[in-house]
Amino acid sequence: MQKQLFPRDLSFRALLNRQKNAVPMRPAIRSGADARVLSYEQLNQAVLTQEALWRDSGKHCLGVLCNGTPECVLTIFGAVLAGLQVVLFDGNISEAELPELLQKTDVDCLWGAEELEEDMSPWLTGKAENGAGKLLFFTSGTTSFSKAVVLTEASLCASAWNGSALLPLSQEDTLLCVLPLNHVFGFVCGLLWGLACGACVALGRGPRYYAEDLKLFQPTAIPVVPLLLGFLLKQNALNEALRLVLIGAGDCPPALPAALQARGIRVSFGYGLTETSSGVALSLGADPYAMTVCPDDELTLAEDGEILIRCESCRMQGYYKDPDATEAILKDGVLHTGDLGHFDENGLLHVTGRKKEILVFPDGTKLYLPEYEAKLRTVLPDRDFAVIESKGAPALFLRGKESEREAVSAALEPVMRELPLARRLNAIYFDPAPLPRTATGKTQRWMLQKKVGNFT
Amino acid sequence: MTRQEIFDKVLEIVHDCVPETEEQELTESTVINTDTAIDSMGFTLIICRLEASFDVKIPDRQWQKLYTVGDVVSAIEKRLK
């Protein structure tokens, strides 16, 4: 891929204008659903049309149920350009979870939810203020456990520039966007990265077509989460033209990048948070776990090894209407990630673990354990339990006897049914002994993980 | 097609997509991810194969509501009628 230097865009309008002038006839967006291709000139024009529609709508905050179609992309860009606050939701979010999130984020109109709109109308009563240029992403997926992170078009463009500066695409590249746009990794690395470089962004058709989309679009670059990469490798779905795989959003077993490298495919790992508008460090060399810090970002380590990030251009504005949560993570302009790491002798970052009570799964989803456990406690009151990780999913460790399995499963069922599959418990471990705790009463999850290792 | 026939076909596809389940006794009340080795990507593959095999389409939004093997059988049965 040809190395290029890109100007820094401060808004979606600037990005789209730049490419409209630079490469008007080059393909910007390809749609798998209807085989449409939009050139950069057509993309710009279509976004302006959307902008005019939303400007006249009288609405202030648009909730978008992301379905990965060109219309979805145009709607997001158009609404932001028109000055609406835009909240991005999982396209398949359950009817049960949506109302709370709509209210929490002041949404007053919905896109992509025609069949739900009537049911949701009682909750579309938000009065967002000063929302212009803001996009709200949920920390991981859209569930009641997630926090709404306030990013801006400027921070997202800065993040795309940051990534492009280290890992540029050329105008000849096709970037396959298979990750959902409501995840910041999908939005920045699946969409803006390609557009910032003047490449063609191919919009994947969703989970049914993960493997087929690589055949259809013949991408040269693709951002993935580890679980999806494992799936594509297992299906032998990687196409010959593929030259670069960007892996992010979750822990990745070494066998996966090794399998790519064996095929001559360049592998890059990205480290970042929703709160930093996606990646702040990328691996560029042969070791995919050794990452170079992006140009706009300054990373240091706290005494206990916690990764601290200062990134004025890419940092979130805060959690939406949650100053306490914002203050807990953002102190004097420095983001306390809760992740642990170290720098090697070459100054490259290695992420080694997590300090916070969060589980990060191979599909890129995160689980905030205290909130998750609180939900389980509604059906398991007065029980001694903790949630841990087992085989890439949450598992319940419960003080009790194996003979209780049926009753416990039945009690959990109503809660589990409301959750996406990836967040449901995939195992229940019983142990008659009390759960190990520190002197302050905090569960020692590492000891439970060790016990589970002995069980299995 | 009877419910039992649908169940048998579902099992065949589940075993084919996730060979680790072959050693498990799956019933209609088996919870898909608590009692089996099926992760979300494996589940996606299973649904795609089921849709092709039965020539039905289960809307994406319904996928999240499938909790047990019996729920999967019911979703197919409903669309075959």
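The chains referred to below are lettered A, B, ... by the order of the sequence lines, with proteins before strands, and numbering in each begins at 1.
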Quiz item: Looking at residues at least two apart in the chain, or sitting in another chain, which of them share a side-chain contact (heavy atoms from CB on, under 4.5 Å) with A:P180?
Solution: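 Listed in chain order: A:N182, A:H183.
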
Quiz item: Distance from B:K65 atom NZ to A:N92 atom CG, nearest 0.5 Å?
Solution: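 So the gap between those two atoms works out to 10.5 Å.
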
Quiz prompt | Nearest non-hydrogen partners of A:R417 and B:D71, listed with the distance | solution =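 The answer is NH1-OD2, 2.9 Å.
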
Quiz item: Non-hydrogen atoms of chain B under 4.5 Å away: do they reach the side chain of A:Y209, the backbone, both or neither?
Solution: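 Neither part.
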
Quiz item: A:L396 versus chain B, heavy atoms under 4.5 Å apart: side chain, backbone, both or neither?
Solution: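 Neither the backbone nor the side chain of A:L396 comes within 4.5 Å of chain B.
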
Quiz prompt | Min side-chain heavy-atom separation B:W63-A:P207 under 4.5 Å | solution =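 A side-chain contact exists here, since the closest heavy-atom pair is under 4.5 Å.
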
Practice problem: Name all pairs fulfilling the salt bridge (Lys or Arg N to Asp or Glu O under 4.0 Å) condition that reach into residues 23-34 of chain B, sequence neighbours left out, sorted by first residue then second. | Solution: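 Passing the test, one end in residues 23-34 of chain B: B:R3-B:E28.
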
Quiz item: chain B contacts: which residues in residues 64-73 of chain A have a non-hydrogen atom closer than 4.5 Å to it?
Solution: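 Expected list: A:L65.
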
Quiz prompt | Residue pairs passing the side chain to side chain donor-acceptor pair (under 3.5 Å) test where at least one lies in residues 41-51 of chain B, sequence neighbours excluded | solution =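 Only A:R208-B:E51, B:D16-B:R49 qualify under side chain to side chain donor-acceptor pair (under 3.5 Å).
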
Quiz item: What residue, out of A:K234, A:R424, A:Q235, has the most heavy-atom pairs lying under 4.5 Å from chain B?
Solution: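 The candidate making the most pairs under 4.5 Å is A:R424.
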
Quiz item: Using non-hydrogen atoms only, which part of B:I47 is less than 4.5 Å away from chain A: side chain, backbone, both, or neither?
Solution: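 Neither part; nothing is under 4.5 Å.
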
